[in-house]
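One structure is given below, encoded as structure tokens.
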Amino acid sequence: MDQLSDRIKNLSTSQTLAMAAKARELREQGKDIIGLSLGEPDFEIPDFVKDSAIAAINEGYNTYTPVDGYGELKQAIITKFKRDNNLSYKPSQIVVSTGAKQSLANVALVALNPGDEVLLPCPYWVSYAEIVKLAEGTPVEVQTSLENDFKLTPDQLRAAITPRTKMIWYSSPCNPSGSVYSKEELRALADVLKDFPQIIVVSDEIYEHINFVGGHASMAEFEDMYDRTVTVNGVSKAYAMTGWRIGYIGAPEWIARACNKIQGQVTSGANCIAQRATITALNEPPSRIQYMIDEFKERRSLILGLLGEIPGFKTSEPGGAFYVFPDISYYFGKTLKGTTIKDATDFSLFLLEHALVATVTGDAFGNPNCIRISYAASQSQIKEAIKRIKEALA
């Protein structure tokens, strides 16, 4: 251990992956664990995507790809941005990466210097803070409230900005809360940011299509924010292509060029077959995947109704994604089946041991009063999982 770098010693383990690993370990011991911890759709990949991947194999795609992505894929991304988000990009503003997580890491590594601050409205996706720290930046948590649907307000944003603030990162729809910023809410935040032109906005829109409240809004839609916003997206969530590892950015050209440069020295281009399949996915209209969104909406209604029957759970109605993020602080200080619950981590581990249900502590997302529950599972699994939780807490 002494020979390892300070960089890796200071890096936290992903709590979502750690809980998934713990759940797998218990399954191997013969325990019937219901996994509601991972952000992974349980749908099959659409047949039209599968068929295009098979065709690409048969057509002989097997060589290294351009560092920033096939030209045809970049054109498909440009078409998608214009069609779905009213955003106009040139090929030189697009970089395709091995998943949206690499896209985020690229942006952090090319833009942050030691001590630069990155505002993270809480709750935030588990890897944001660690990616920022890996790039020697300083994550700054900005607490939001369940009463405000876990959304950052303009006043909170202004109060959090310091001379060291270099970026703000957020997701909409949000992982883990499912909150969705309206165009009006983003405009109000942009009105604050226009007073601080040095701040770069990173808008994570990976859950864009899993949206139950209507239109999706992008910060880069605003003319005064376009040249300072990096829009991050990918195909893992809406197209159930998690293992295909394709993410991408639309960004100011100077950021895109820098991301291309660093990626060329780290991973080079993303998988060739996955890229060919993504061309097909993005060129098809979003209506081709509407059946998944409809099912997620049904599951949302189901799980909210079931959680509403459990004393001590306070939950807002998520506008998108496939998570609920209930406040469970009611149980802090209580002793359940001989276990004293001190915090959300204790509570999540209690559910794993006594309900055989895997969730994720809110500590991992910057909110110590909540847990994240994924409803990317069948309705029968959701019913059984919440039944077990209710019985364990009775």
Side-chain angles (χ1 to χ4, degrees), residues 81 84-87 100 104 117-125 128 139-161 165-233 237-238 249-251 286 293 296-297 300 304 314-327 362 365-367 370 372:
F81 271 134
D84 300 342
N85 311 106
N86 194 32
L87 298 177
L104 290 163
E117 294 178 353
V118 178
L119 303 183
L120 303 178
C122 298
Y124 53 80
W125 181 49
Y128 286 175
V140 177
E141 296 183 349
V142 186
Q143 292 297 332
T144 64
S145 67
L146 183 147
E147 291 70 26
N148 197 44
D149 199 23
F150 296 113
K151 294 179 186 178
L152 181 69
T153 68
D155 288 343
Q156 288 174 316
L157 173 58
R158 187 176 292 276
I161 294 172
T165 305
K166 182 70 173 291
M167 287 181 165
I168 176 172
W169 289 21
Y170 72 94
S171 58
S172 179
C174 176
N175 176 4
S177 69
S179 304
V180 178
Y181 284 94
S182 68
K183 191 168 185 176
E184 293 72 24
E185 288 167 335
L186 290 181
R187 181 63 258 178
L189 297 177
D191 286 341
V192 174
L193 291 169
K194 68 183 181 182
D195 294 336
F196 304 92
Q198 78 280 9
I199 298 176
I200 299 167
V201 177
V202 175
S203 176
D204 182 350
E205 303 181 14
I206 193 74
Y207 292 93
E208 165 193 10
H209 291 303
I210 307 174
N211 183 324
F212 315 124
V213 295
H216 173 80
S218 298
M219 183 68 83
E221 287 183 81
F222 304 125
E223 186 176 351
D224 56 345
M225 297 303 296
Y226 176 83
D227 286 332
R228 52 193 288 204
T229 298
V230 179
T231 305
V232 181
N233 214 318
K237 309 303 181 182
I249 61 169
I293 288 78
F296 279 133
K297 189 174 183 180
R300 179 188 67 159
L304 286 175
K314 293 191 295 183
T315 305
S316 61
E317 182 174 272
F322 39 71
Y323 310 105
V324 286
F325 198 61
D327 183 313
F365 305 96
N367 186 313
C370 299
R372 190 188 77 172

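All heavy atoms count here, side chains included; hydrogens, waters and symmetry mates do not.
The side-chain heavy atoms of Phe325 and Cys174, taken from C-beta on, include no pair separated by under 4.5 Å. Using a 4.5 Å heavy-atom cutoff, the side chains of Lys151 and Pro121 are not in contact. Ile168 has its side chain within reach of Leu152: a pair of non-hydrogen atoms, C-beta onward, lies under 4.5 Å apart. Residues Pro123 and Thr144 form a side-chain contact, since some pair of their non-hydrogen atoms from C-beta on lies under 4.5 Å apart. Leu304 places a side-chain heavy atom less than 4.5 Å from the side chain of Glu317. Counting heavy atoms from C-beta outward, Tyr124 and Asn367 have side chains that stay 4.5 Å or more apart. Under the 4.5 Å side-chain criterion, counting only non-hydrogen atoms from C-beta, Tyr128 is not in contact with Tyr170. Between Val192 and Ile161, some side-chain heavy-atom pair lies under the 4.5 Å cut-off.
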Fill in: Test side chain to side chain contact (heavy atoms under 4.5 Å, CB included) applied to Glu208 and Asn85, step by step
CA-CA 10 Å; Glu208 165 193 10; Asn85 311 106; 2.8 Å; yes
Discussion item. Please evaluate residues Thr165 and Phe196 with respect to the criterion side chain to side chain contact (heavy atoms under 4.5 Å, CB included), reporting the C-alpha separation (whole Å), side-chain torsions for both, the decisive distance (0.1 Å), and the verdict.
Written reply: CA-CA 9 Å; Thr165 305; Phe196 304 92; over 6 Å; no
Practice prompt. Go through the steps for Arg187 and Asp224 under the test salt bridge (Lys or Arg N to Asp or Glu O under 4.0 Å), then give the verdict.
Written response: CA-CA 10 Å; Arg187 181 63 258 178; Asp224 56 345; 2.9 Å; yes
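Between the side chain of Ser316 and the backbone N or O of Asp149, no donor-acceptor pair lies under 3.5 Å. With hydrogens and angles ignored, the 3.5 Å screen pairs a side-chain donor or acceptor of Ser145 with a backbone N or O of Asn148. Checking side-chain atoms of Gln143 against main-chain N and O of Gly366 turns up a donor-acceptor pair under 3.5 Å. Panel note: side chain Ser172, backbone Val180; no donor-acceptor pair is recorded below 3.5 Å. Arg300 places a side-chain N or O within donor-acceptor distance of the main-chain N or O of Pro318, the cut-off being under 3.5 Å.
Residue Leu189 holds its CG atom at 11.0 Å from CZ of Arg158, rounded to the nearest 0.5 Å. To the nearest 0.5 Å, the span separating CH2 on Trp125 from CD1 on Ile206 amounts to 9.0 Å. Here Met219 contributes atom CE and Leu186 contributes atom CG; the two are 5.0 Å apart, rounded to the nearest 0.5 Å. Annotation: the span from Lys166 atom NZ to Leu119 atom CG amounts to 13.0 Å, rounded to 0.5 Å. In this structure, OH on Tyr323 lies 13.5 Å from OG on Ser179, to the nearest 0.5 angstrom. Annotation: the span from Glu205 atom CD to Asp84 atom CG amounts to 10.5 Å, rounded to 0.5 Å.
Each of Lys194, Arg228, Glu117 was evaluated against Ile199; a single residue qualifies, Arg228, per the side-chain contact (heavy atoms from CB on, under 4.5 Å) test.
Across all non-hydrogen atoms, the minimal contact from Ala321 to Pro173 is N-CB, 3.7 Å. Residues Asn175 and Tyr207 approach most closely at ND2-OH, 3.5 Å, considering heavy atoms. Gly214 and Asn211 make their closest contact through O-OD1, 3.2 Å (heavy atoms, listed as atom of the first residue, atom of the second, distance).
For Phe365 and Phe150, the ring centers are positioned 6.0 Å apart or more.
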